[in-house]
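All remarks here apply to the structure that follows.
None of the values given here were measured: they were computed from a predicted structure.
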Amino acid sequence: MEDSDTVDGLPEETMISFLRRETLQLICDILDTDNTWETIAPYMPGIQMRDVDGCRRFASYNQSPTKMLLRIWCSKGYNATHLYQLFAKTKLIRLMRLMRSEVDEKYHCLETKILNPARRFRPNIPPPGSQSASRSKKTETNEASPAPTQSSSSSTNDPLRVAIEGTLPVTYLELLEATNGFAASNVIGKGGYGTVYKGEIKATGGMVAVKRILAGNDSSAHGSKVEKERLKQSLTELRTLARFRHDNILPIYAYSLEGPEPCLVYQFMANGSLEDRILCRVSDYRITTVKKYLFQKGTTPLTWIQRKEISIGAARGILFLHSFAKTPIIHGDVKTANILLDKHMEPKLGDFGLSRDGQVEAEATEKCPLIASHIKGTLAYLAPEFITSKILTTKLDVYSYGIVLLEIASGQRAYSDSRETRGLVEYCQFNKELAARQNTRLREFLIDKRAPPLANEAEELFLEALIEVGLAGAYSDRRLRPSMAQIVEHLCKNTIPVIE
Ligand SMILES: Nc1ncnc2c1ncn2[C@@H]1O[C@H](COP(=O)(O)OP(=O)(O)OP(=O)(O)O)[C@@H](O)[C@H]1O
């Protein structure tokens, strides 16, 4: 067996021998289902990308990947109590209950803590290798492996430590190998803060996108300020993505901070950005010159069904950010370039470099809004209250998302110098008045000319909903904008929100 060094090379005693066989089997059965083990692996200190790859290969031989993962983890000195705390951290209460009889009862209060997060409790379980650890076996000293138990005040205050918690480290060398040495032919995109490369993790053949944060060569005070801002944004992105996992949020797989430039590794999105797909644009980076000739007419326009699914999926991603945690997360840079499409055209919201904890914009009572000094966003997508007063609430994302919907409906850009009415909202409003004067349906003025003709009444209704929800979302008075929950509801039902 090719991977015998990682699979069978571990002595049997490194299994979690302190767990009853039946308990271990039950835990493995649950975590093997739907590859749930992959969601806890990033929270296991000491577990690296290559370990996860090894477990995946183990699974391909019809073996339990969870059992393998736990064996590797135990070989690094972690024990049942650490496992219990890992389940607490990843909120797998069912698994905690399964093994609770096998850990000291002083840790059982972790279950109460999950059910009642307001109560603060931090049992001190020493990490392996520390003097008081029950197993003092020292392992792989070159690994930065902060045990999950080490969330003391000093570590929680360390932004770097907090940012990388829950995401796998990968070596710069592995990324060099994956991207053919960051070859120009692997470039798939460029953003304000770095270049994105397509890469292949050799062990699994899995495709990834590697964002390599630009290293500036400007050593002036301004240059180092820009550099700092870049690093800060990549850490913000890392921190946010490590905290939230959702079908419509671009998953981050790994990071590398030890090389010459910091790198973030994401799931590869085969269909590129929504912006490119709306414009039927073949990215210069994506293809060779020969292919560019073949594709010069551009990519196939999105169908109306695809547009509907993309709109709803992206809205769900934003709604998740706004509602998942106690404090809503404001993305701050929602735009078609940041909605990426996987091979099934499933949309995933990416680029969290500007995301911030914010607050829900209340419909009835006007709370004092947060003032953000950092969010920049892209001007055409930025809500007026942010531009004028730096007011930051969830309605900031609603405004930007409204613009996205208008782009999906009309195929127009958010801002264009070649239009008489440059801003997209003004362009739509202008056409709305024109349509009313000519007693014509607005959709006939605004429909994306590249899109296939509307096939049935449902598609016609959807296009109308798209335009009206888009306009409502981009309403200048933020208090009159719908919430993301209302938007998802309207789009799913093809209904039009009532606005003044
Ligand atoms: N995971 C991914 N899979 C495939 N392509 C990607 C992925 N991430 C980014 N890209 C491509 O790389 C481009 C640049 O992405 P990036 O997030 O760096 O910048 P941006 O959002 O376009 O710009 P900025 O960060 O300045 O707002 C994207 O527009 C997209 O085409």
Side-chain angles (χ1 to χ4, degrees), residues 192 274-275 311 314-315 317-319 321-322 328-339 349 351-410 412-434 442 446 465-488 490-491 496-500:
L274 175 59
E275 180 184 41
S311 311
I318 304 171
L319 172 60
L321 291 177
H322 289 182
I329 301 295
I330 294 168
H331 184 281
D333 201 10
V334 172
K335 56 180 180 176
T336 47
N338 286 340
I339 297 171
L349 194 58
D351 209 346
F352 283 76
L354 298 176
S355 60
R356 290 283 177 279
D357 282 8
Q359 71 168 56
V360 181
E361 173 74 38
E363 257 90 62
T365 53
E366 176 74 342
K367 287 187 206 159
C368 173
L370 288 180
I371 308 291
S373 53
H374 301 295
I375 289 212
K376 287 186 224 75
T378 307
L379 214 55
Y381 293 87
L382 267 186
E385 75 275 7
F386 188 81
I387 298 175
T388 54
S389 316
K390 302 277 177 289
I391 291 173
L392 177 57
T393 69
T394 43
K395 294 292 176 75
L396 177 71
D397 287 342
V398 171
Y399 183 93
S400 313
Y401 178 75
I403 307 281
V404 167
L405 288 189
L406 296 177
E407 286 180 82
I408 296 175
S410 67
Q412 295 282 327
R413 309 202 67 161
Y415 182 91
S416 171
D417 276 330
S418 56
R419 273 195 315 251
E420 209 167 305
T421 33
R422 295 177 178 177
L424 188 50
V425 180
E426 295 72 40
Y427 174 81
C428 293
Q429 292 291 6
F430 173 81
N431 279 285
K432 193 172 179 174
E433 283 155 28
L434 201 65
L442 175 59
L446 284 184
L466 210 52
I467 296 168
E468 292 301 333
V469 177
L471 283 172
Y475 209 76
S476 58
D477 183 341
R478 70 180 194 281
R479 287 158 302 190
L480 298 180
R481 289 175 211 148
S483 65
M484 284 314 296
Q486 289 169 322
I487 288 182
V488 170
H490 284 307
L491 290 178
I496 295 167
V498 180
I499 54 171
E500 303 288 300

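For the atom pair CD1 of I391 and CZ of F386, the computed distance is 10.0 Å after rounding to the nearest 0.5 Å. To the nearest 0.5 Å, the span separating CD1 on I339 from CD1 on I318 amounts to 6.0 Å. In this structure, CG in L491 is found 7.0 Å from CG in L466, a value given to the nearest 0.5 Å. Interatomic distance, SG of C428 versus CD1 of I467, reported as 7.0 Å (0.5 Å rounding). Rounded to the nearest 0.5 angstrom, M484 CE and I487 CD1 are separated by 4.5 Å. Atom CZ of R478 sits about 9.5 Å away from atom OG1 of T394, to the nearest 0.5 Å.
Side chains of T378 and D333 form a contact here, defined as non-hydrogen atoms less than 4.5 Å apart. With a 4.5 Å cut-off on side-chain heavy atoms, R413 and E275 count as touching.
Relative to the six-membered ring of F430, K432 misses at least one condition, a distance below 6.0 Å or an angle of at most 45° to the axis.
Between G317 and L349, the shortest heavy-atom distance links the atoms C-CD2, 4.4 Å. Minimum interatomic distance between P384 and R481 (heavy atoms only, all atoms of both residues): CD-NH2, 3.9 Å. Of all heavy-atom pairs between V425 and A474, the closest is CG2-CB, 3.7 Å. Y415 and A380 get closest at one heavy-atom pair: CB-CB, 3.7 Å.
Applying the salt bridge (charged side-chain N to carboxylate O under 4.0 Å, His left out) test to pairs two or more places apart or on separate chains, those with a residue in residues 418-430 are D417-R422.
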Let me check something: any side-chain donor-acceptor pairs from residues 396-408 under 3.5 Å, sequence neighbours excluded? List them with distances.
unit_1: D397; atom_1: OD1; unit_2: G332; atom_2: N; d: 2.9
unit_1: D397; atom_1: OD2; unit_2: H322; atom_2: NE2; d: 2.9
unit_1: D397; atom_1: OD2; unit_2: H331; atom_2: N; d: 2.8
unit_1: S400; atom_1: OG; unit_2: Y381; atom_2: O; d: 2.9
unit_1: S400; atom_1: OG; unit_2: L396; atom_2: O; d: 3.1
unit_1: Y401; atom_1: OH; unit_2: S311; atom_2: O; d: 2.5
unit_1: E407; atom_1: OE1; unit_2: T336; atom_2: OG1; d: 3.3
unit_1: E407; atom_1: OE1; unit_2: Y381; atom_2: OH; d: 3.3
unit_1: E407; atom_1: OE2; unit_2: Y381; atom_2: OH; d: 2.6

